[in-house]
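Please read the structure below before turning to the comments.
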Amino acid sequence: MNVIYQQWLSSPKLTLSEKQGIRKLSSAEISIYFANAQMSFGTAGVRGRMGMGTMRMNRFTYTNLAQAYAQYIVQTYGKNKTVVIGHDNRLNSDQFGMLTAKVLSSFGIKVLLFVKNQLMPTPIVSYAIRRTNSVGGLIITASHNPKEYNGFKAYHNDGGQVLPNVAKAIEKQLIKPTEILKYTYRSQPQLIKYLNDDIVNHYFKDAQCVLINKEQWAKKKLAPVVLTAHHGTACKLLPRFLKQLGFNIKPVQAQMFYSPTFVNSPIANPEDIKSFALSIKQAEQIKSNICIGVDPDADRMAVCIKHHNQWRLITGNEMGIIYTHYVLKHKQFSKPPYIISSYVSTNLIDRIAASYKAKVYRTGTGFKWMGAKVTAIGDKASLVVAFEEAIGALNTTINRDKDSFTASALALEIYHFYQARNMDLVDILTQEIYPIYGQWFGKTTAYTFDVLNWKPLVESKMNMLKHHHAKTIGNWKIKKIAWNKCGDCLEWHLVNDSWIKFRLSGTEPKLKIYYNLYGESQNELINQYNELDKIFQKILGV
């Protein structure tokens with residue numbers, strides 16, 4: 001018998017409806033959702049399905065996470081410190097945000113919420129932490145995860161996500177699963193304050209620093225740009241920001257209002273071209289050749305363009321290459337330029353950086369590492385871009401998390417610059433970059449194992465890849481197989497600077513394969529990838 005499940009079922013703190021819900025759970029679900037285990041931080045905070053249980057996101061687990069974070073803040077900085085709290089559009093996010101504010105206030109911590117506890121894009125929350133000199137921040141969000149999920153992202157005083165050492169310190173303060181329902185607190189409402197709209201106006205002003213040559217489109221009639229925010233936090237603010245900069249923004253109105261269930265966005269992750277279905281439909285109607293999509297908490301941004309009459313999603317790697325090339329070529333630096341990217345992202349940027357005497361820093365996957373690196377470098381050098389292959393970029397130093405606002409603005413500057421030269425974003429790669437730095441192809445393939453107890457299954461697949469004994473894969477010679485501890489990924493080093501890497505997702509039941517291939521032509525590389533993909537499907541049994 002599951003003691004914790006029985007404890008929750010008999011607790012007067014649960015409503016009748018909540019008890020009826022957990023009675024419907026299967027024995028497998030009960031063993032997982034009511035496990036005698038602590039929640040833990042993944043790649044980007046704590047995420048999970050909403051619902052009752054020690055391992056799901058609910059008012060009891062949020063209270064537990066909030067008190068643990070509060071204890072960390074008090075022990076590290078003392079009392080009477082300030083923390084910013086923001087949230088996204090998901091179901092219960094506003095309630096969970098207010099709940100965490102009340103818990104923090106019970107520890108004597110001053111809390112800053114946004115006007116009327118309104119939702120707010122992640123990059124602006126990160127900016128607000130820095131602007132208000134707060135010691136940290138929390139964002140209630142599950143980013144691009146399905147609507148059934150929610151999350152808890154914790155931030156440092158620099159506006160960046162907490163690193164594993166801090167996450168572990170917070171986890172140590174968590175109440176035992178058997179004691180969660182017994183915890184009580186007494187909030188101090190006078191410590192909960194509200195930021196006014198000035199914070200957004202300041203952000204908009206500072207974010208303009210991302211532009212390199214605004215004059216090139218000033219007072220010109222620009223081609224229309226279709227934009228979707230997938231019912232998320234950028235619905236109102238991103239169109240306003242981009243229009244202020246002079247861009248001709250045409251929002252997809254069906255997806256530009258707040259909806260906790262993403263009513264018109266069955267896929268809200270712009271990394272997936274299917275999320276652009278309504279955008280492309282509108283673009284065809286108004287004869288636009290470019291669509292921009294951002295995820296619900298507005299940190300991730302992707303561009304989809306019409307190239308040779310076919311719609312093409314620009315990947316995170318490709319966008320990072322384009323940012324690197326354009327900024328190094330057009331921006332004047334008074335300090336040495338540098339780029340930050342993850343170990344699983346393209347190494348073509350190293351070739352571009354070398355030609356401009358710029359430095360490339362590699363980090364583990366997740367912007368917590370990249371934001372920390374930006375802070376560590378400080379004003380000793382000039383940031384070109386920090387980006388990940390899975391879309392998302394930081395193009396300024398005004399905050400410390402992925403920022404769809406500044407990323408969109410610079411992407412549109414680049415788009416219009418080349419449009420005036422009868423080129424699009426794909427043409428930049430094939431005509432300007434690959435002929436100089438080498439024919440490159442990158443792809444990320446994710447295999448989902450959507451079962452309740454997925455971790456052991458996915459780990460067994462990874463273990464099989466670690467002990468792969470063949471000396472070749474397809475037409476490629478395997479030079480070395482090694483585990484990258486810093487990158488938390490398995491690396492297969494191939495010939496000609498090419499590689500394949502493998503990583504377990506920190507937020508979803510996925511095993512990801514990252515391809516970084518060099519060859520004679522794009523067609524050859526695409527064919528090679530297709531062959532490799534089939535081989536790995538057989539190896540993994542998917």
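Note that the numbering runs from 1 along the sequence shown for the chain. What you see is a predicted model; the values in this text were computed from it and never measured.
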Separation between CG of N89 and CD1 of I140, rounded to the nearest 0.5 Å: 13.5 Å
Does any N or O in the side chain of N317 come within less than 3.5 Å of the main-chain N or O of G442, such that one atom is a donor and the other an acceptor? no
OG1 (T445) and CD (Q537) are apart, to the nearest 0.5 Å, by 8.5 Å
Run the side-chain hydrogen bond (donor to acceptor under 3.5 Å, both in side chains) test against N264 and tell me which residues pass, sequence neighbours left out. none
Under a 3.5 Å cutoff, is there a donor and acceptor pairing between the side chains of D206 and Y127? yes
Short side-chain to backbone donor-acceptor contact, E388 and G366, under 3.5 Å: yes
Can you say whether the rings of F502 and F536 are parallel (under 30°), tilted (30 to 60°) or perpendicular (over 60°)? perpendicular
Tell me, do Y62 and F152 make a side-chain contact under 4.5 Å, heavy atoms counted? yes
For residues 49-59, which residue pairs pass the salt bridge (charged side-chain N to carboxylate O under 4.0 Å, His left out) check, not counting sequence neighbours? E18-R59
Quick check: does any side chain N or O of S345 sit under 3.5 Å from a backbone N or O of S341, one acting as donor and the other as acceptor? no
Can a donor-acceptor pair be found, under 3.5 Å and without considering hydrogens, that links the side chain of Y5 to the backbone of I22? yes
Answer yes or no: is there a donor N or O on one side and an acceptor on the other, between the side chain of S342 and the main chain of T365, under 3.5 Å? no
Would you call W483 and K466 a side-chain contact if the rule is heavy atoms closer than 4.5 Å? yes
What pairs with K510 under salt bridge (charged side-chain N to carboxylate O under 4.0 Å, His left out), at least two apart in sequence or on another chain? E508
S265 side chain to A268 main-chain N or O, any donor-acceptor pair under 3.5 Å? no
Taking R186 for its side chain and V103 for its backbone only, find out whether a donor-acceptor pair lies under 3.5 Å. no
For residues R47 and A142, report the shortest heavy-atom separation together with the two atoms involved. NH1-O, 3.8 Å
State whether the side chain of Q6 and the backbone N or O of V3 hold a donor-acceptor pair below 3.5 Å, judged by distance alone. no
Test item: T233 side-chain N/O and P296 main-chain N/O as donor-acceptor pair under 3.5 Å: yes
Suppose we screen for side-chain hydrogen bond (donor to acceptor under 3.5 Å, both in side chains). Which residues come up paired with Y258, at least two apart in sequence or across chains? none
How far apart are the closest heavy atoms of A70 and F107, and which atoms are they? CB-CD1, 3.5 Å
CD1 of I129 to OG1 of T82: how many Å apart, nearest 0.5 Å? 11.5 Å
The criterion is ring pair (Phe, Tyr, Trp, His ring centres under 6.0 Å); which residues satisfy it with F257, sequence neighbours excluded? H231
Can you check whether C209 reaches I398 side chain to side chain, under 4.5 Å on heavy atoms? yes
Got a sec, which pairs hit side chain to side chain donor-acceptor pair (under 3.5 Å) with one end in residues 100-115, sequence neighbours left out? none
So CG of L138 and CZ of F96: to nearest 0.5 Å the spacing works out to 14.0 Å
Which heavy-atom pair separates N58 from G53 by the least distance, and what is that distance? ND2-O, 2.9 Å
Any salt bridge (charged side-chain N to carboxylate O under 4.0 Å, His left out) pairs touching residues 155-176, not counting sequence neighbours? K168-E171
At what distance, to the nearest 0.5 angstrom, does OH of Y149 lie from OG of S143? 13.0 Å
With no hydrogens and no angle check, just 3.5 Å: does a side-chain donor-acceptor pair link D403 and N399? yes
Residue set satisfying ring pair (Phe, Tyr, Trp, His ring centres under 6.0 Å) with Y69, at least two apart, ordered chain then number -> none
Which residue pairs satisfy the salt bridge (charged side-chain N to carboxylate O under 4.0 Å, His left out) criterion with at least one member in residues 254-274, sequence neighbours excluded? E271-R300
Between L113 and A101, what is the shortest heavy-atom contact and its length? CD2-CB, 4.2 Å
With sequence neighbours left out, which residue pairs that include part of residues 79-88 fulfil the salt bridge (charged side-chain N to carboxylate O under 4.0 Å, His left out) condition? D88-R90
Would you say the ring centroid of Y203 lies under 6.0 angstrom from that of F405? yes
Nearest heavy-atom contact between T43 and Q161 is O-OE1, 4.1 Å
For R240, which residues count as a salt bridge (charged side-chain N to carboxylate O under 4.0 Å, His left out) partner, sequence neighbours excluded? none
Can D401 and K368 be said to form a salt bridge (charged side-chain N to carboxylate O under 4.0 Å, His left out), step by step? CA-CA 7 Å; D401 211 336; K368 61 176 176 275; over 6 Å; no
If I take atom CG from residue L490 and atom CZ from residue R503, how far apart are they, to the nearest 0.5 angstrom? 13.0 Å
For the side chain of S134 and the backbone of R130, is there at least one donor-acceptor N/O pair under 3.5 Å apart? no
Does either side chain, that of N36 or that of T54, offer a donor lying less than 3.5 Å from an acceptor on the other one? no
Return the minimal non-hydrogen interatomic distance between I4 and A35, and the atom names on each side. CD1-O, 3.9 Å
Salt bridge (charged side-chain N to carboxylate O under 4.0 Å, His left out) against E179, all qualifying residues, sequence neighbours excluded: K182
